[in-house]
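In what follows, a single structure is set out as structure tokens and then discussed.
Keep in mind the model is a prediction, meaning the values are calculated, not measured.
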Amino acid sequence: MSAFDYIIIGAGSAGCVLAERLSASGRYRVLVLEAGGADRSPWISLPLGYGKTFFHDKLNWKFVTETEESLGGRAGYWPRGKVLGGSSSINALVYVHGLPGDFDDWEAAGAMGWNWSAVAPVYDEMETRIAPDGTCEGTGPMHVQDVSDQIHPATRHFFAAATELGLPCVDSTDSEGAATYLITTRKGWRWSAARAFLKTAMKRPNVAVRTHAIAERLIFDGRQAIGVEVILPEGRQILQARREVIVAAGAVASPLLLQRSGIGPAGTLKANGIEVRRDSEHVGGQLQDHLGINYFFRATEPTLNQALRPLRGRARAAIRYALTRRGPLALSVNQCGGFFRSHDGLDRPDQQLYFNPVSYMTTPEGTRNVVMPDPYPGFIIGFQPARPTSRGRIDITGPGAADRPRIRPNSLATEQDRAAAISGARFCQRLARTRAIGGLIENPIAPDLLAMEDDQAILDDFRARCGTVFHPVGTCRMGADAEHAVVDPRCRAHGFGGLRVVDASVFPSITSGNTNAPTMMVARRAAAMILEDA
């Protein structure tokens with residue numbers, strides 16, 4: 001393989017954007033390394049197919065956290081995409097920018113130039129927004145669809161309940177209030193980062209993409225990154241980058257690669273036989289994630305359960321999708337929700353809600369099965385505290401890429417996070433007790449949210465049943481100086497040349513909602529900086 005100007009490690013949401021932007025002028029040769037395979041599975045193309053990819057061995061890293069006493073001794077299951085497009089190829093499709101204050105927080109934390117006024121235009125240039133009637137706004141490669149004309153009729157009760165509580169109903173989750181979630185689909189197909197960005201780049205002669213390519217460690221000349229040692233199907237190779245190596249492997253894998261390359265906590269590196277290039281506790285530290293919980297209800301009228309549980313119903317949905325690219329198979333089950341303030345006195349929303357017109361069968365172990373809905377009408381009200389303050393870690397357990405990571409989320413470690421869990425549940429109680437949703441409830445499915453009168457019962461239930469909402473960030477955080485961060489506001493690794501980290505790991509703090517959209521935004525803005533510096 002000949003030398004490249006830029007080597008991008010990871011073809012996930014960030015890596016795909018980087019590849020398209022850095023190669024667009026034709027001046028630079030770009031190599032993209034992806035540890036997973038191609039994205040040809042029909043379960044990726046089918047929007048509702050993420051129920052199949054959730055545990056798919058070939059498409060999913062299927063990470064598991066350490067057990068947490070704060071969650072009743074449970075370990076968490078963390079699916080992450082192992083395929084072109086990364087987690088954008090297997091996620092639940094919801095597209096949320098994050099609230100403006102999230103990015104103002106970034107700048108206040110030392111990520112100068114990343115406030116809302118700076119990042120909002122990046123979203124605009126990246127997107128094409130498709131209205132229910134098919135009209136488009138914008139010309140960007142990421143297609144984002146408004147499916148408010150397709151969501152289930154039962155969702156009308158959610159919007160009526162919001163109005164009953166005096167809450168706003170809005171056009172999108174860019175602002176506070178009840179909304180239909182925008183999703184990353186185009187003409188009824190999943191529109192992942194690979195399809196929006198990477199497929200365009202792959203048509204260019206100056207771009208090469210290698211799948212099943214596992215980055216073992218970075219190669220340095222002094223303090224300058226010059227390449228990467230990679231495990232390919234044909235064996236190990238050292239690939240050289242003339243300009244920069246860009247780590248875009250995600251919030252789990254990016255800090256692991258840095259640590260295997262000698263950048264990380266000295267004690268951890270030495271314990272695994274790795275020479276220390278730079279001692280930094282921040283590599284793998286500052287892990288943040290959203291924890292969420294669902295409350296299940298039996299419904300008084302039909303929901304998606306009746307469309308997707310019976311074989312006849314699934315056949316009808318499949319035929320409709322084949323003929324029109326519409327209907328339940330073209331959507332996410334996360335059909336509506338939004339950002340809300342759980343109580344008076346808050347200056348901005350503190351909770352993200354989901355109202356799903358479907359309920360899932362559960363196994364005795366409590367694992368959600370998103371493929372087979374319950375055999376009766378049902379729906380879900382779920383929430384996640386928007387800005388958790390607990391911080392965890394991700395670290396290597398050995399010197400090789402095959403060694404599984406040690407993931408310690410440190411969930412509910414702060415009083416603020418425990419209080420936010422209680423506040424979110426109380427807000428869901430208020431919603432469920434409205435006339436609008438009360439009329440939809442035949443009966444709650446245990447554990448009964450409406451019967452939880454004291455805060456301790458709510459918190460105990462949250463500890464017992466909550467789980468990740470699959471938004472890990474912050475493990476290579478961005479900041480002004482090496483004492484507090486891993487990369488600077490231009491995503492350059494502190495203390496090294498020719499090395500950047502560009503993905504969700506650089507978030508200084510977690511955004512209020514789903515993280516796929518801000519990850520792509522970060523990559524697009526970072527690509528512009530890389531080209532400026534070139």
Side-chain angles (χ1 to χ4, degrees), residues 8 10-25 30 32 34 36-50 53 59 80-98 119-131 134-147 172 181-204 206-207 209 211 246 248-250 325 330-332 502-504 514-528 530-531:
I8 300 167
S13 295
C16 292
V17 176
L18 290 165
E20 192 282 322
R21 286 289 80 206
L22 297 181
S23 64
S25 70
V30 177
V32 184
E34 168 54 43
D39 59 342
R40 290 190 288 266
S41 169
W43 297 118
I44 292 176
S45 300
L46 181 70
L48 201 62
Y50 66 85
T53 62
L59 304 175
R80 308 306 299 164
K82 186 172 66 171
V83 62
L84 293 179
S87 293
S88 77
S89 290
I90 68 167
N91 68 4
L93 303 151
V94 173
Y95 188 88
V96 172
H97 287 157
V119 306
V122 184
Y123 281 122
D124 290 340
E125 69 182 30
M126 187 173 74
E127 299 165 357
T128 293
R129 292 202 170 198
I130 307 164
T135 59
C136 296
E137 179 183 353
T139 58
M142 175 48 66
H143 287 240
V144 184
Q145 201 159 2
D146 179 345
V147 291
S172 77
Y181 280 118
L182 301 175
I183 59 174
T184 49
T185 54
R186 181 172 184 263
K187 297 182 179 178
W189 300 103
R190 174 187 291 273
W191 200 242
S192 67
R195 295 175 184 193
F197 301 98
L198 186 62
K199 294 301 169 71
T200 298
M202 291 173 70
K203 296 174 183 177
R204 298 169 180 156
N206 57 323
V207 175
V209 176
T211 55
I246 306 166
R325 296 291 182 265
L331 305 175
S332 170
V502 181
D503 55 32
N514 310 72
T515 51
N516 185 42
T519 298
M520 292 187 288
M521 177 278 293
V522 164
R524 191 172 182 94
R525 192 151 192 269
I530 292 167
L531 293 171

Atom pairs and distances, side-chain donor-acceptor, residues 516-524, under 3.5 Å, sequence neighbours left out:
{"unit_1": "N516", "atom_1": "OD1", "unit_2": "S13", "atom_2": "OG", "d": "2.6"}
{"unit_1": "T519", "atom_1": "OG1", "unit_2": "T515", "atom_2": "O", "d": "2.7"}
{"unit_1": "R524", "atom_1": "NE", "unit_2": "E125", "atom_2": "OE2", "d": "3.0"}

All heavy atoms of S23 vs all of N206, minimum pair found to be O-ND2, 3.1 Å

Between H143 and T185, is there a side-chain heavy-atom distance shorter than 4.5 Å? no

Looking only at heavy atoms, the pair that brings I130 and C136 closest together is CG1-SG, 4.2 Å

With a 4.5 Å heavy-atom cut-off, do V32 and V30 have their side chains touching? yes

Is the closest side-chain heavy-atom distance between S332 and Y50 below 4.5 Å? yes

Out of curiosity, K82 NZ to T211 OG1, how far, rounded to the nearest 0.5 Å? 12.5 Å

Close side-chain approach of V144 and I183, heavy atoms under 4.5 Å: no

Is there a donor-acceptor contact under 3.5 Å from the side chain of E127 to the main chain of G140? no

Nearest heavy-atom contact between D146 and L182 is CA-CD2, 3.7 Å

For a quick test of reading the model, state the closest non-hydrogen atom pair linking A248 to A14 and the distance between them. CB-CB, 4.3 Å

Show, in sequence, the C-alpha distance, side-chain angles and deciding distance for V502 and L18, and conclude whether the side-chain contact (heavy atoms from CB on, under 4.5 Å) test is met. CA-CA 9 Å; V502 181; L18 290 165; 3.9 Å; yes

Might you work through the salt bridge (charged side-chain N to carboxylate O under 4.0 Å, His left out) test for E20 and R204, ending with a clear yes or no? CA-CA 9 Å; E20 192 282 322; R204 298 169 180 156; 3.0 Å; yes

Contact check, side chains of P141 and T200, non-hydrogen atoms, under 4.5 Å: no

Evaluate the side-chain contact (heavy atoms from CB on, under 4.5 Å) criterion for residues R525 and Y123: first the C-alpha distance (whole Å), next the side-chain angles of each, then the deciding distance (0.1 Å), finally the verdict. CA-CA 9 Å; R525 192 151 192 269; Y123 281 122; over 6 Å; no

Could you check whether any side-chain N or O of Q145 sits under 3.5 Å from a backbone N or O of V147, counting only pairs where one atom can act as donor and the other as acceptor? no

Worked verdict on L93 versus R190 for side-chain contact (heavy atoms from CB on, under 4.5 Å): CA-CA 8 Å; L93 303 151; R190 174 187 291 273; 3.6 Å; yes

Are Y95 and M142 side-chain neighbours, meaning at least one heavy-atom pair lies under 4.5 Å? yes

Quick one: does any side-chain atom of S89 pair with a main-chain N or O of L84 as donor and acceptor, under 3.5 Å? yes

Minimum heavy-atom separation for R80 and I90, please, with both atom names. C-CD1, 3.7 Å

Between R129 and H97, what is the shortest heavy-atom contact and its length? NH2-CE1, 2.9 Å

The complete set of salt bridge (Lys or Arg N to Asp or Glu O under 4.0 Å) pairs with one or both residues in residues 193-202, sequence neighbours excluded, reads D39-R195, D39-K199

